[in-house]
Number of protein chains: 2
Amino acid sequence: MRVMGVDPGLTRCGVGVVDGAPGTPLRLVHVTVVRTGADEPIATRLLGIETGIEALMDELRPDAVAVERVFSQQNVRTVMGTAQAAGVAMLAAARRGLPVAMHTPSEAKAAVTGNGRADKAQVTAMVTRLLRLDGAPKPADAADALALAICHVWRGGAQARLEAARLGTRTRTRGGAGQ
Amino acid sequence: MRVMGVDPGLTRCGVGVVDGAPGTPLRLVHVTVVRTGADEPIATRLLGIETGIEALMDELRPDAVAVERVFSQQNVRTVMGTAQAAGVAMLAAARRGLPVAMHTPSEAKAAVTGNGRADKAQVTAMVTRLLRLDGAPKPADAADALALAICHVWRGGAQARLEAARLGTRTRTRGGAGQ
């Protein structure tokens, strides 16, 4: 299973792609940051992020996309830009028929370090170890995107089974109601 | 000048298209609401909004797109969905090379009624009058998208001149600095 993790942002949008499956070693496929200029109009910036992410999707062909769930931890203006960058990533995935999952920052941190409040150094160290890299991934701020992708590889199987169960239940419920 | 106004939302995204120029009568071209289901995944909803808006852009060929500027007037979850729907509209415009402007709800209300805190009935009444319609535009909640488009027709000229002046100044400043 190949997962693209996206750590959304207008100025820097981290993208990390990982191959793996629960119980098997992970492999780094690609890691990068898509950048747009803070002095450009927002529409142009969203287009720049779309172009960057779509090129990576078309080249690397992930099976699933995991996007960091955005919270209002910062000021409203920043959150809205981050939400819009996340929206662009989700839209690009949906256009390709790729499943999209969202994980919170603490879910990603907990997945790779065991601690949902781990600091950046700890997340980077574990991402480096789990992907068996010789050094920390570069650019440094793309480590979060890799943690997100790893989180999804490990949670993906369980989530898919839960979703299948949910849909199965819903189908039965509808059937029972005579629809 | 043909302007598409977009009142963004995930559940209901209002789209109103108006022909006009400062000092000349306005004409209604089209008004509708793009809807997506609240039970669909967000990625699917963003794709639904994109598909709807792009079809309208390709059919009606606006010269400019005016999107309502989103504020955190509601809960964070709603604001983020609204911001993402706005992002989809801006992205679709940017992909077509269309200029994108953002106006606040009070700018749109003030443009059509003279009062930035006018209520919905007043906005609808003035939109109906300014577009010389026989009755209120339907769907009713698309009146805001039309007010936004009208606001842009009237402000557009002034904004374009200011932007030209700003770019001119910047060019001169840079020239003066020997760059």
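Numbered from 1 within each chain, the chains take letters A, B, ... in sequence-line order.
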Practice task
State whether the number of non-hydrogen atoms from other residues, nucleotides or ligands found under 6.0 Å of B:Arg96 atom CZ is greater than 12.
Solution key: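 Enclosed.
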Practice task
Flag yes if more than 12 heavy atoms outside A:Lys138 fall under 6.0 Å of its NZ atom; otherwise flag no.
Solution key: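 Atom NZ in A:Lys138 is not packed in, count stays at 12 or less.
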Handout entry: Among A:Leu91, A:Val100, A:Leu46, residue most engaged with chain B (heavy-atom pairs, under 4.5 Å)
Key =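 Top option by heavy-atom pairs under 4.5 Å: A:Leu91.
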So which heavy atom on [X] is nearest to which on [Y], and how close?
X	Y	result
B:Val70	A:Met80	O-CE, 3.1 Å
A:Ala94	B:Ala43	CB-O, 3.5 Å
B:Gly87	A:Gln84	N-NE2, 3.7 Å

Indicate, with yes or no, if [Y] and [X] share a hydrophobic cluster defined by side-chain heavy-atom contacts under 4.5 Å among Ile, Leu, Val, Met, Phe, Trp and Tyr.
X	Y	answer
B:Leu148	B:Val127	no
A:Val123	A:Leu131	yes
B:Val33	B:Val29	no

Practice task
With rounding to the nearest 0.5 Å, note down the distance linking CG in A:Leu47 to CE in B:Met90.
Solution key: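 Between A:Leu47 CG and B:Met90 CE, I get 12.0 Å after rounding to 0.5 Å.
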